[in-house]
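First comes the structure, then the notes that go with it.
All values below were derived from every heavy atom in this structure, side-chain atoms included, with hydrogens, water molecules and symmetry-related copies excluded.
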Amino acid sequence: AQKITQTQPGMFVQEKEAVTLDCTYDTSDQSYGLFWYKQPSSGEMIFLIYQGSYDEQNATEGRYSLNFQKARKSANLVISASQLGDSAMYFCAMREGGRGQNFVFGPGTRLSVLP
Amino acid sequence: EAQVTQNPRYLITVTGKKLTVTCSQNMNHEYMSWYRQDPGLGLRQIYYSMNVEVTDKGDVPEGYKVSRKEKRNFPLILESPSPNQTSLYFCASTPNEKLFFGSGTQLSVL
């Protein structure tokens, strides 16, 4: 079974609008971390945001926020005020505490921002 | 500048010819790992290392070897590459949570 599910292979959003990228995860660990990474067409992996399983507040980093719903095992990324430069591949990832530092990634969502 | 350096950036080889992709980090991180990225599958962990001389298999270790003789270096070795190992490879390191990635190595095995 997939540990990280991203159900949206591709998304479109109008410039300046907000967009939510979905991510659900599966783990039996109590301690884990959730991440989002951005991969532009140039190929590098850019860290966006992190949420620890014990963090009570949703993480925010500038225009990025992580909507963490622990009971539903979801960690959706919200991008506010989309910009053309946000067009990229976005990966949700999880660090499982039970297996040392095993990081698991989802299949990704390709976001296209329309002018 | 803090960074993870991978080499080469692009590599074309033939089936069965041993190759090594190098990875080096200058941040004194204990944890390092290798991933391969394939369309529709995201990144999958190949091997990881918690410290010098400590390595463990990730989710897709078959056909790969690694070594960690010193903290800064974590090379990925393909003893006998096959076409199904054509992929984009990333090395990463972390002090705790956030992964720092190298710029990637695009490998094509003919």
(message) With rounding to the nearest 0.5 angstrom, report the CE to CD distance, A:M89 to B:Q37.
(response)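 Interatomic distance, A:M89 CE to B:Q37 CD, rounded to 0.5 Å: 7.0 Å.
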(request) Kindly indicate, with the supporting measurements, whether the criterion side chain to side chain contact (heavy atoms under 4.5 Å, CB included) is fulfilled by B:L43 and A:F91. (result) CA-CA 9 Å; B:L43 280 75; A:F91 293 101; 4.1 Å; yes
Transitive ILVMFWY side-chain link [X] to [Y], under 4.5 Å:
{"X": "B:L78", "Y": "B:Y35", "answer": "no"}
{"X": "A:M11", "Y": "A:I79", "answer": "yes"}
{"X": "A:L77", "Y": "A:V104", "answer": "yes"}
{"X": "B:I46", "Y": "B:V109", "answer": "yes"}
{"X": "B:M32", "Y": "B:M50", "answer": "no"}

More than 12 heavy atoms of other groups within 6.0 Å of [X] [atom1]:
{"X": "B:K65", "atom1": "NZ", "answer": "no"}
{"X": "A:Q30", "atom1": "CD", "answer": "no"}
{"X": "A:K70", "atom1": "NZ", "answer": "yes"}

(request) Quick one: closest heavy-atom pair of A:P107 and B:G40, and the distance? (result)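 Taking A:P107 first and B:G40 second, the nearest heavy atoms are CB-O, 3.3 Å.
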(request) Kindly write out the residues that satisfy side-chain hydrogen bond (donor to acceptor under 3.5 Å, both in side chains) with B:Q25, not counting sequence neighbours, or none if the list is empty. (result)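 In terms of side-chain hydrogen bond (donor to acceptor under 3.5 Å, both in side chains), with neighbours along the sequence ignored, B:Q25 is linked to no residue.
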(message) Quick one, A:F103 with B:Y48, criterion side chain to side chain contact (heavy atoms under 4.5 Å, CB included). Give me CA distance, side-chain angles, the key distance, then yes/no.
(response) CA-CA 9 Å; A:F103 288 82; B:Y48 65 96; over 6 Å; no
(message) Checking an interface table here. Which of residues 38-69 of chain A come within a heavy-atom distance under 4.5 Å of chain B?
(response)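 So far as heavy atoms go, A:Q39, A:S42, A:G43, A:M45, A:F47, A:Y50 are the residues that approach chain B to under 4.5 Å.
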(request) Below 4.5 Å from any heavy atom of chain A, which atoms of B:Q106 appear? Answer side chain, backbone, both or neither. (result)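 No part of it gets close to chain A.
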(request) Give, as side chain, backbone, both or neither, the part of B:L99 having an atom under 4.5 angstrom from any heavy atom of chain A. (result)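 Both backbone and side chain.
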(request) Could you check which of A:G106, A:P9, A:C92, A:G108 has the highest count of heavy-atom pairs closer than 4.5 Å to chain B? (result)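 Greatest number of close heavy-atom pairs with chain B: A:G106.
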(message) For A:F105 and B:F90: C-alpha separation, side-chain torsions, deciding distance, then whether ring pair (Phe, Tyr, Trp, His ring centres under 6.0 Å) applies.
(response) CA-CA 13 Å; A:F105 285 77; B:F90 285 101; 9.2 Å; no
